[in-house]
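For reference, the structure discussed in these notes is given below.
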2 protein chains.
Amino acid sequence: MSCGNADLLVRALPAARRTRQRGAVLHVLVDCSDFVSAQQLHALTTADGIGVGLTTVYRTLRELEAYGRVDVVRDDAGERLYRLRPFGRHRHYLVCRSCGRSRAVDAEVVEAWVDEIGESAGFDAVEHTVELTGICATCRSATPPLAGGGEQ
Amino acid sequence: MSCGNADLLVRALPAARRTRQRGAVLHVLVDCSDFVSAQQLHALTTADGIGVGLTTVYRTLRELEAYGRVDVVRDDAGERLYRLRPFGRHRHYLVCRSCGRSRAVDAEVVEAWVDEIGESAGFDAVEHTVELTGICATCRSATPPLAGGGEQ
DNA sequence: AATAGAAATGGTATTCATTTTCATATATGG
DNA sequence: CCATATATGAAAATGAATACCATTTCTATT
Ligand SMILES: [Mn+2]
Ligand SMILES: [Mn+2]
Ligand SMILES: [Zn+2]
Ligand SMILES: [Zn+2]
């Protein structure tokens with residue numbers, strides 16, 4: 001799906017060169033509607049026949065992150081998951097802990113709150129992480145309730 | 001500082017037994033005004049002469065987390081940092097990326113936002129992570145500006 | 001097209017937080 | 001004191017992320 005899309009992204013990176021590998025990572029990333037890990041991307045490019053070294057996958061992701069082209073979250077195990085950032089501005093997501101599907105949420109309220117907090121505390125260069133997880137309606141109706149719990 | 005405080009916490013945990021080790025971890029934790037890692041806690045108990053196994057440190061922290069007695073953030077490297085939760089209800093923090101000092105911030109706005117998002121999306125058991133980092137006033141005036149950047 | 005130099009690649013080794021295992025120690029109720 | 005469920009911790013395993021560095025590949029220039 002969408003070949004020109006990945007090309008645009010390659011161009012958006014500061015890297016001096018357009019390589020087959022970087023293109024492959026971006027191409028796979030464009031096709032992923034949800035968050036994926038570096039390891040998954042590595043496996044996906046391999047499955048596509050376009051082998052890309054794990055090192056390069058990490059490098060490309062780090063670069064994408066540094067230039068604000070992806071949103072990043074961490075799963076329960078702490079693994080980083082990446083997703084292309086739709087329109088320049090970053091987004092926040094509500095992710096289902098059961099099936100992994102995510103949806104972007106409107107976080108204007110939070111963005112404003114962050115600005116105000118930073119300002120009133122006299123902090124510079126304030127960055128923020130906001131992650132929401134839950135159980136989506138589909139998964140709830142498909143899964144028997146489990147005991148325990150603890151989060152307040 | 002404050003001996004009874006740690007005792008109270010030991011009692012608050014569901015564990016069946018009060019052990020020297022768990023007490024030691026809690027005791028050190030009470031003395032930490034800022035976020036600390038499991039590794040640091042391990043080193044601190046060792047320095048205190050009360051050697052506690054790394055495994056036990058991790059176990060105790062996991063338990064504290066499960067029962068909502070600590071707030072958890074991740075540093076840039078992804079390492080988990082723990083801090084005792086002041087009054088039952090969890091808090092969010094603004095952490096200085098330079099000196100590590102943190103201050104709790106008022107996040108009622110965000111809590112309300114989270115509830116609303118979860119509800120309107122039809123998600124159950126919504127959990128959230130909100131982390132703010134920046135450069136505090138003290139560090140700013142003490143540090144020469146660095147080039148680059150990227151976060152938008 | 002050939003060339004040179006800079007940048008990118010990727011296999012391998014390494015790091016390091018966290019988890020698992022399991023044999024041993026200990027807390028606690030009776 | 002005893003029995004035993006529970007807790008401990010040394011050692012090994014795990015696994016994501018990074019460092020190293022010899023080799024390959026762009027790309028501007030001649
Ligand atoms: Mn935001
Ligand atoms: Mn909150
Ligand atoms: Zn789901
Ligand atoms: Zn500071």
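Every chain is numbered from 1, with letters handed out A, B, ... down the list of sequences.
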Do A:R97 and B:E127 sit within salt-bridge range, that is, some charged N less than 4.0 Å from a carboxylate O? yes
Name every residue in residues 70-82 of chain A that has at least one heavy atom under 4.0 Å from any atom of DNA chain D, in order of residue number, or write none if there are no such residues. A:E79, A:R80
For A:D34, the side-chain contact (heavy atoms from CB on, under 4.5 Å) test, sequence neighbours excluded, returns A:R83, A:R101, A:S102
Double-helix bend of the helix from C:dA1-D:dT30 to C:dG30-D:dC1, axes at both ends from 5 pairs, round to 10°, gives 30°
Linked hydrophobic residues, A:I117 as query - side chain contacts closer than 4.5 Å: A:L94, A:V105, A:V109, A:V110, A:W113, A:V114, A:F123, A:V126, A:V130, A:L132, B:L94, B:V105, B:V109, B:V110, B:W113, B:V114, B:I117, B:F123, B:V126, B:V130, B:L132
C:dT9 OP1/OP2 closer than 4.0 Å to side-chain N/O of A:T19: yes
Given the structure, check if the side chain of B:R17 and the base of D:dT6 hold any donor-acceptor pair shorter than 3.5 Å. yes
What's the verdict on ring pair (Phe, Tyr, Trp, His ring centres under 6.0 Å) for B:H92 and A:H128, showing C-alpha distance, side-chain angles and the deciding distance? CA-CA 11 Å; B:H92 297 286; A:H128 63 279; over 10 Å; no
From the options D:dT27, C:dT28, C:dA17, select the nucleotide whose nearest atom is closest to the side chain of B:Q39. C:dA17
Whole Å only: how far is the CG atom of B:L61 from the P atom of C:dA17? 14 Å
Will you find, in the side chains of A:D71 and A:Y93, an N or O donor that is under 3.5 Å from an N or O acceptor? yes
I need the minimum non-hydrogen distance between A:Q40 and A:F35, along with the two atoms involved. OE1-O, 4.2 Å
Indicate whether the side chain of A:T60 and that of A:R22 have a donor and an acceptor atom separated by less than 3.5 Å. no
Nearest 0.5 Å please: distance from the OG atom of A:S37 over to the CG atom of A:D75. 8.0 Å
Do B:Y58 and B:Q39 have side-chain N/O donor and acceptor atoms under 3.5 Å apart? yes
Which residues pass the side-chain contact (heavy atoms from CB on, under 4.5 Å) test with B:T46, sequence neighbours left out? B:H42
Give the rounded distance in Å between these two atoms: CD1 of A:I50 and C1' of C:dT9. 15 Å
Between A:R22 and C:dT9, does any side-chain N or O lie under 4.0 Å from OP1 or OP2? yes
Report all interatomic pairs (protein N or O, nucleotide N or O of nucleotides 9-12 of chain D) with separations under 3.5 Å.
{"from": "D:dG9", "atom 1": "OP1", "to": "B:Q21", "atom 2": "NE2", "distance (Å)": "3.2"}
{"from": "D:dG9", "atom 1": "OP2", "to": "B:G53", "atom 2": "N", "distance (Å)": "2.9"}
{"from": "D:dG9", "atom 1": "OP2", "to": "B:T56", "atom 2": "OG1", "distance (Å)": "3.0"}
{"from": "D:dG9", "atom 1": "N7", "to": "B:R59", "atom 2": "NH2", "distance (Å)": "2.9"}
{"from": "D:dA10", "atom 1": "N6", "to": "B:T55", "atom 2": "OG1", "distance (Å)": "3.2"}

Could you tell me the separation between the OH atom of B:Y58 and the P atom of C:dT20, rounded to a whole number of Å? 13 Å
Looking only at heavy atoms, the pair that brings B:V73 and B:E131 closest together is CA-OE2, 3.6 Å
